[in-house]
Amino acid sequence: MNHLTIHLACALIALACGAVGNVCAAADDGRATFDQLFGEQVKAVADTRSPDDDLALAKQLLKTAGTLKATEPVVPYLYEQAFELARTAPEGMDTVRQAIDALAELSPKRAEALKQRMVELIERAYRTARGEARQQYGEQLLDLLHTRGQSELDAGEHRDAIKTYRQAVLVARSIRSDRAESLAAYQSLATARASAVNRIAVLERSLDNPPIDEKVSTELVRLCVVTLDSVEKARSYALLLDKDTQSRLAAASKPIDEVDPATCAELGQWIAGLSAREKGLIQLKALRKAEAYLARAVESAADSDQPRSVSQLKAELALKKVRDTLSKLGQTADTAAGWTDLSRPLATMVAAGKLEGEGGKASIEKGVFVFERQDGYKGIKLPLEPKDVIFSVEVKRVSGQEMHMSARNNEKGWYSARIEAGNQIVLIHGNSVRRKELARATSPAVKEGQWFEIAMVAVEDVIQVHVNGKKLMEARNSDLPGPGNIGFSVLAAKAEFRKPKFREPTAAQKRMILKSGKK
């Protein structure tokens, strides 16, 4: 045991047991406590030229903070110093993110400022780096810019989103990233939404001079529902709208599994019609929404023993037309720049009962999917078959034995991240004959009753599991080549899932993942 480890152990015992002495005398002063515990180590690593010992100490500080109560005065200083140390190492970005996420959780009011701090750090590192390091920092910067751009779009800050995506496109083109085209599509989306807001303001002024032109109300609905993707905004013009449109908007504001199949068929055809004038991501997103409604209507009719009605046949034809258009547009147009949200297709499958395992329950409420089975298995497999994939979902294990998220399901087997009691995650390769444990790890984030994000990465023969953005484990296994489905399940347990999403890794990401796997 080295000097630093002994020092850490003694410090933790002193803090945990409430021992008296110099450490506890300064317990109400976080900075003083930190300096007494780690001041010498911080000075020691500062005197070396290599960033490796800085990163090692940063990881020790994070580990120490994880053993203490969040209310301990020293905890924020542990995270702050972990951030300062880790940012000096090109390989330290995972540690930096963990420190920033922890600080944001301790102080939600600082969350946005901390995110901006992360962007500035990566941006500065990207500008000064060369070669492969510059490519790596550039891809990380694109992730952060896209996340910020998405937040700005969701908040209606379209002008800010335009600037963010303009910067992202410049970075992507500079490092020759294959995400440049799709990021440009998001810039166009932000521009279109900013124009839509201006157009709506002009139309609203015309409402002061009755009678109201029907074309005005129709245009307001189209701009809100399709361009801005805001049904609630469209409903604010209810007094201008006919009863049919009001009824459609009321139905569209509900979760899809609460809308009856006949109304789903009507909504799908209506939204598809509204999107006909659009292009790019606006049309793509609207058509995906139309597809989800139409698929629910068609699947419901397929499960019925009754002869199909004319309206059901129309829904089938409309669904085929929508899918043909999506195929021509390229359904991955918005994937390379970020994530594809799986909430709608998953909700459609849950509503249609497209689940594996008899008995149990599966439901969705306000974006949270609940899977429950007292004994035995309950699961869902999404109809996506990427060869290489990053699959992410936020999870809360409510009770019971275990739950899984899986990737690359095919006739040869599957990879699964099995979440167990005791903060345990096990990476498994399974098939009809046997299950093989590839890796096992413990994470303090994996607690019963607590939300955390888990992601599976499968690129060629490299398989990784990440928790809250940090790589937890990695293995190589050539027994299960892609492509394959993704999904999740519970075994004698109850679990909640939210924000399911996936992306196909970019060429640069694949190179980094494969390089990591060869170590």
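Sequential numbering from 1 along the given sequence is applied to the chain's residues.
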task = State, with a plain yes or no, whether a side-chain heavy atom of Ile513 is found less than 4.5 Å away from one of Gln464.
result = yes
Residues 117-125 side chain polar contacts: donor-acceptor under 3.5 Å, at least two apart:
| from | atom 1 | to | atom 2 | distance (Å) |
| --- | --- | --- | --- | --- |
| Arg117 | NH1 | Glu80 | OE1 | 3.3 |
| Arg117 | NH2 | Glu80 | OE1 | 3.4 |
| Arg117 | NH2 | Glu84 | OE2 | 3.0 |
| Glu120 | OE2 | Gln116 | NE2 | 3.3 |
| Glu123 | OE2 | Gln167 | NE2 | 2.8 |

message = Working note: Asp143 + Arg148, criterion salt bridge (Lys or Arg N to Asp or Glu O under 4.0 Å); need CA distance, chi angles, decisive distance, verdict.
response = CA-CA 9 Å; Asp143 286 338; Arg148 186 170 74 184; over 6 Å; no
query = Any luck finding a side-chain donor-acceptor pair between Ser416 and His404 under 3.5 Å?
reply = yes
Full working for side chain to side chain donor-acceptor pair (under 3.5 Å) between Glu152 and Gln150 = CA-CA 5 Å; Glu152 289 165 346; Gln150 289 285 80; over 6 Å; no
task = Please test Arg408 against Asp388 for salt bridge (Lys or Arg N to Asp or Glu O under 4.0 Å), starting from the C-alpha separation and ending with a verdict.
result = CA-CA 8 Å; Arg408 203 174 278 178; Asp388 297 315; 3.3 Å; yes
request  = I would like to know whether Arg179 and Glu139 meet side chain to side chain contact (heavy atoms under 4.5 Å, CB included); could you show each step before the answer?
outcome  = CA-CA 9 Å; Arg179 301 158 71 177; Glu139 291 289 351; 2.7 Å; yes
Closest non-hydrogen atom pair between Ala495 and Val490, with its separation = CB-CG1, 3.7 Å
ask   = Are any non-hydrogen side-chain atoms of Val74 and Thr64 less than 4.5 angstrom apart?
value = no
task = Would you mind reporting whether Ile463 and Met456 have side-chain heavy atoms less than 4.5 Å apart?
result = yes
key: Single hit among Leu142, Leu145, Leu183, Thr164 for side-chain contact (heavy atoms from CB on, under 4.5 Å) with Val169   = Leu183
key: For Val368, side chain to side chain contact (heavy atoms under 4.5 Å, CB included) partners two or more places apart   = Val370, Trp451, Glu496, Arg498
task = Locate the shortest heavy-atom distance separating Ala407 from Ile486; write the atom from each residue and the value.
result = CA-CG2, 4.0 Å
Sidechain-backbone polar pair: Gln81 side chain, Leu61 backbone, donor-acceptor under 3.5 Å = no
note = Hits for side chain to side chain donor-acceptor pair (under 3.5 Å) against Tyr126, two or more places apart or cross-chain, chain-then-number order -> Arg134, Ser174
task = Keeping to residues at least two apart or across chains, list the salt bridge (charged side-chain N to carboxylate O under 4.0 Å, His left out) pairs with something in residues 436-446.
result = Glu420-Arg440, Glu437-Arg440
task = Classify the ring geometry between Tyr186 and His146 as parallel (under 30°), tilted (30 to 60°) or perpendicular (over 60°).
result = perpendicular
remark   = Contacts of Glu112 meeting side chain to side chain contact (heavy atoms under 4.5 Å, CB included) (sequence neighbours excluded), chain-then-number -> Lys115
ask   = Would you say Leu514 and Glu460 make side-chain contact, with heavy atoms under 4.5 Å?
value = yes
Test side chain to side chain donor-acceptor pair (under 3.5 Å) applied to Glu448 - qualifying residues, sequence neighbours left out = Arg397
ask   = With sequence neighbours excluded, what pairs up with Phe83 under the ring pair (Phe, Tyr, Trp, His ring centres under 6.0 Å) test?
value = none
ask   = Taking all atoms of both residues into account, what is the closest heavy-atom pair of Pro76 and Leu103, and its distance?
value = O-CD2, 3.8 Å
inquiry  = Quick one: does any side-chain atom of Lys381 pair with a main-chain N or O of Gly487 as donor and acceptor, under 3.5 Å?
reply    = no
message = So, taking the atom named NZ in Lys447 and the one named OG in Ser443, what distance separates them when rounded to the nearest 0.5 Å?
response = 9.5 Å
request  = Please examine the side chains of Tyr79 and Ile100, heavy atoms only from C-beta on, and report whether any two atoms are closer than 4.5 Å.
outcome  = no
ask   = In Å, rounded to the nearest 0.5 Å, how long is the span from CG of Asn409 to CG of Leu382?
value = 10.0 Å
task = Verify the distance criterion only: is there a donor paired with an acceptor across the side chains of Ser151 and Asp154 at less than 3.5 Å?
result = no
NZ (Lys59) with more than 12 external heavy atoms under 6.0 Å = no
query = Around atom CD of Glu356, are there more than 12 heavy atoms of other residues, nucleotides or ligands at under 6.0 Å?
reply = yes
request  = List for me each residue that meets side chain to side chain contact (heavy atoms under 4.5 Å, CB included) alongside Ser107, sequence neighbours excluded, and say none if there are none.
outcome  = Arg110
task = Assess the side chains of Thr48 and Asp53: does a donor N or O sit below 3.5 Å from an acceptor N or O?
result = yes
Euclidean distance, Asp461 CG relative to Arg476 CZ, rounded to 0.5 Å = 4.0 Å
query = Which pair of non-hydrogen atoms, one from Ala58 and one from Leu85, has the smallest distance, and what is that distance?
reply = CB-CB, 3.8 Å
request  = Please name all residues satisfying side chain to side chain contact (heavy atoms under 4.5 Å, CB included) with Ala190, sequence neighbours left out, ordered by chain then number.
outcome  = Leu153, Ala161, Ile162
ask   = Can you find a pair of side-chain heavy atoms, one from Tyr377 and one from Ser489, that are under 4.5 Å apart?
value = yes
query = Quick one: does Glu72's side chain get under 4.5 Å of Thr33's, heavy atoms only?
reply = no
ask   = Asn410: what forms a side chain to side chain donor-acceptor pair (under 3.5 Å) with it, not counting sequence neighbours?
value = none
ask   = Do Leu342 and Phe391 have side-chain heavy atoms sitting under 4.5 Å apart?
value = yes
ask   = Does CD in Glu258 sit with more than 12 non-hydrogen atoms of other residues, nucleotides or ligands closer than 6.0 Å?
value = yes
key: Non-neighbouring partners of Asp229 that pass side chain to side chain donor-acceptor pair (under 3.5 Å), sequence neighbours left out   = Lys289
inquiry  = Could you go through Ile425 and Val465, starting from their C-alpha distance and side-chain angles, then the distance that decides it, and tell me whether this counts as side chain to side chain contact (heavy atoms under 4.5 Å, CB included)?
reply    = CA-CA 9 Å; Ile425 298 183; Val465 176; 4.3 Å; yes
query = What residues, two or more places apart in sequence or in another chain, satisfy ring pair (Phe, Tyr, Trp, His ring centres under 6.0 Å) together with Phe371?
reply = Phe488, Phe497
Charged N-O contact under 4.0 Å between Arg31 and Asp35 = yes
query = What distance do Lys378 atom NZ and Arg373 atom CZ have between them, rounded to the nearest 0.5 Å?
reply = 7.0 Å
